[in-house]
J.: 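If you scroll down you'll find the structure; I have some questions about it.
Here is the naming used below: chain letters follow the sequence lines, and residue numbers restart at 1 for every chain. Reckoned from all heavy atoms, side chains included, excluding hydrogens, waters and symmetry mates.
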Amino acid sequence: MIEAKAITKIYKLGDDEVHALDGVSLKINDGEMVAIMGPSGSGKSTLMAILGCLDTPTSGEYLVDDQPAAGLKESQLASLRAHKIGFVFQQFNLLPRTSALENVMLPLTYDGTKIKDRITRAEEALETVGLKDRMKHHPNQLSGGQQQRVAIARALVNDPAILLADEPTGNLDSKTGAEIMALFQTLHCSKKQTVVYVTHDSFIARHTNRIITLMDGKVLRDEINKNPIKAGTPRPDELITNSNGNHGAEVLQ
Amino acid sequence: MSILNNIRIALRALKANKLRSSLTVLGIVIGVAAVVALLSIGKGATQGITSQVEGMGTNLVTVSSSRMFRPGGVTSSSATLLYSDYEAIAAKVDNIAGIAPYYQTQESVATSNRTSTYSVIGITPSYESVTLQSIDLGRFLTSSDGLTKKRVAVIGATVSSDLFQGLNPIGRTIKINNVDFEVVGVLASKGTSGFMSGDSNVLIPLETGYAKVFGMRARSNSKYTLSGISISAATAESTDTVISQVETVLRSQHGLGLNDDLGFSVSSQAQMLSSLSSITSTLTALLGAIAGISLLVGGIGIMNITLVSVTERTREIGLRKAVGAPRKAILFQFLVETVTLSLIGGVLGIALGSAIAGIVTFLGLITASITLDVLVLSFTFSALIGLFFGIYPAWQASKLNPIEALRYE
Ligand SMILES: Nc1ncnc2c1ncn2[C@@H]1O[C@H](COP(=O)(O)OP(=O)(O)OP(=O)(O)O)[C@@H](O)[C@H]1O
Ligand SMILES: [Mg+2]
């Protein structure tokens, strides 16, 4: 369970103060699947970084399994990030001049995985995101969507209890995006992982049980979604497009 | 978190960034190589000069008429050293084990098919013991050679090999200033080829020289003159007494008062050694300074490369922390990276520097002397620069939280 209590994050730029988060409180139980929405600049990435123990709030408290993160030592935080959390960055943050496979192996070098298991597990993770044939490619030899999938594979590879993904489908076509959604739903359903992802897309958001909307650093809405969309369901507007006989690329296939 | 694992991470990072890694190594190589080469050459030069001077005997006192530079840059007017000065010194000065007057000029020396210019020195037989010469082939000059003004010569090892190309020169004829001389002996080489070696000298009896070779140049008011007198004092301690007695005799011979400028240089080998060693230590200090500058330049090169990559490396650190690297794993990774680069750079630098020193030695310019302290000094210094500029930014970056590090610009 992760819990934020009245979290604020203030960036000081000279005399100006940016209140990126302004008193956010929320509680996400183990095994929940949550989407975070909100306009650009509303503080979604800032919140995700704090949930992932990558950043510290200016005030308020953040608890992981009832443990205040602020009270953890540097080495305990590192261990938490290594074993419990998988994070997909909005900007991917892949190591340059390093193959996709080695990028995905990176978390395994710090969580005590045996050397001979690292490659197999990284290969499996890449296969899961559909990049089996791009393992030796460097980030600059991959498309934006492929880079994003490498970043997702890296977040999955250590089998984290909490998967935090900042716009994981932002650069993906709807078919691949649906595959990623299916993947997240599987992780959530069969492995009982907690999945939190940020999206601008309300259709993508409605694949979860719960949608939290941020606005100006505050929680605007926190609503339960009784009937999550099953991955693979076509978009309503695609249905319309299809019925209209519009010859988009997807239709031709 | 095993050490092996950390080493693996570091080596992988070095391999992924080949260009950056090799530029850093290059900086260290240049710094180390410059220091090793320059200091070895400087040291070798110093040792070479010192051993040449020592090879001439430590009890040696030299009297010369040559112009001498005095402190302040004024050249003192030189007095002319006369053969009669030698006779007076030989008669009046105590504690002399041997005394050798000589007259030296540059002359062309020829065989039937080769000609070259050498120092031709007119000497007496005592020259052999006073200046520590020894004979390799044939014999040295004798007093009867001088008395009968025989045209005989003893040649240095270099002269022998130049003119006779490995043939036995004994009994053969050389032309000195177009006068035929018979070679009767070859001097043993003193090994070094520096400015004081006797290997390029041709020795002839002083009397023969006055009569047949030196001509009017060796006369002053119809008296025979000398280029110098070499005196070997009875003991090393008596050299100072010998010097002062020689000066007294010269003053009375030339009618000079106590306060008049002597116009001769009378110096012991010990004095010469100490003034030479002050020159060579200045030289070594100068080379050291140049070497230091090259180390600094190499160091700045390393610094530059590491600082240029600091943004990217800070992001890398942020990412590694984000996926679970503890701070000490990151510091260890950077430590291994920089130690590896410094070691490779240091070893290559030492190899390159030694090679340069070796080439200089091989070309016969200076016998460079590579010593351990030079190797250790240059290696340590560049390794420390490498370590500092590799570790310090990493140290800074590892203190940031992952998001700050990932946003670093
Ligand atoms: N390091 C920083 N320094 C100063 N201000 C910052 C910093 N990071 C974020 N901000 C500000 O905080 C606010 C929230 O930023 P954040 O990245 O969380 O937005 P977001 O909801 O993720 O937006 P987007 O959908 O565009 O990714 C923005 O107004 C941004 O300008
Ligand atoms: Mg964002």
J.: Go through the atoms of B:Arg8 and report whether side chain, backbone, both or neither lie under 4.5 Å from a heavy atom of chain A.
T.: side chain
J.: Looking at CZ of A:Phe87 and CD1 of B:Ile403, how far apart are the two atoms once the value is rounded to the nearest 0.5 Å?
T.: 5.5 Å
J.: Is there a donor-acceptor pair closer than 3.5 Å between any side-chain N or O of B:Arg327 and the backbone N or O of A:Ser75?
T.: no
J.: Using every non-hydrogen atom in the two residues, find where B:Pro326 and A:Ala78 come nearest and quote the distance to one decimal.
T.: CA-CB, 3.6 Å
J.: To the nearest 0.5 angstrom, please state how far the CG atom of B:Asn6 sits from the OG1 atom of A:Thr109.
T.: 9.0 Å
J.: Side chain, backbone, both or neither: which part of A:Gln76 has a heavy atom under 4.5 Å from chain B?
T.: neither
J.: Do B:Lys399 and A:Glu74 have side-chain heavy atoms sitting under 4.5 Å apart?
T.: no
J.: Roughly how far apart are B:Arg20 CZ and A:Arg97 CZ, rounded to 0.5 Å?
T.: 6.0 Å
J.: Is the number of heavy atoms from other residues, nucleotides or ligands within 6.0 Å of CG (A:Asp216) greater than 12?
T.: no
J.: Would you say CZ of B:Phe362 has more than 12 non-hydrogen atoms from neighbouring residues, nucleotides or ligands within 6.0 angstrom?
T.: no
J.: Which heavy atom of B:Leu319 sits nearest a heavy atom of A:Leu106, and at what distance?
T.: CD2-CD2, 3.9 Å
J.: At a heavy-atom distance under 4.5 Å, which candidate from B:Arg407, B:Lys18, B:Glu404 has the highest pair count against chain A?
T.: B:Arg407
J.: State whether the number of non-hydrogen atoms from other residues, nucleotides or ligands found under 6.0 Å of B:Leu377 atom CG is greater than 12.
T.: yes
J.: Using non-hydrogen atoms and a 4.5 Å limit, figure out which bit of A:Met105 sits close to chain B: side chain, backbone, both or neither.
T.: side chain
J.: I need the minimum non-hydrogen distance between B:Pro402 and A:Leu54, along with the two atoms involved.
T.: CD-O, 3.2 Å
J.: Roughly how far, to the nearest 0.5 Å, is CZ of A:Arg81 from NZ of B:Lys321?
T.: 6.0 Å
J.: Work out which heavy atom in A:Tyr110 is nearest to a heavy atom in B:Ala329; give both atom names and the distance.
T.: CE2-CB, 4.1 Å
J.: Just verifying a value: how many Å separate B:Leu406 CG and A:Asp55 CG, rounded to the nearest 0.5 Å?
T.: 10.5 Å
J.: Answer with side chain, backbone, both or neither: which region of A:Ser99 has an atom nearer than 4.5 Å to a non-hydrogen atom of chain B?
T.: neither
J.: Tell me, for A:Ile115 versus chain B, whether the close heavy atoms (under 4.5 Å) come from the side chain, the backbone, both or neither.
T.: side chain
J.: What residue in A:His138, A:His83, A:Arg154, A:Gln91 has the most heavy-atom pairs under 4.5 Å with chain B?
T.: A:Arg154
J.: Compare all side-chain heavy atoms of B:Glu316 with those of A:Leu95 and state whether any distance is below 4.5 angstrom.
T.: yes
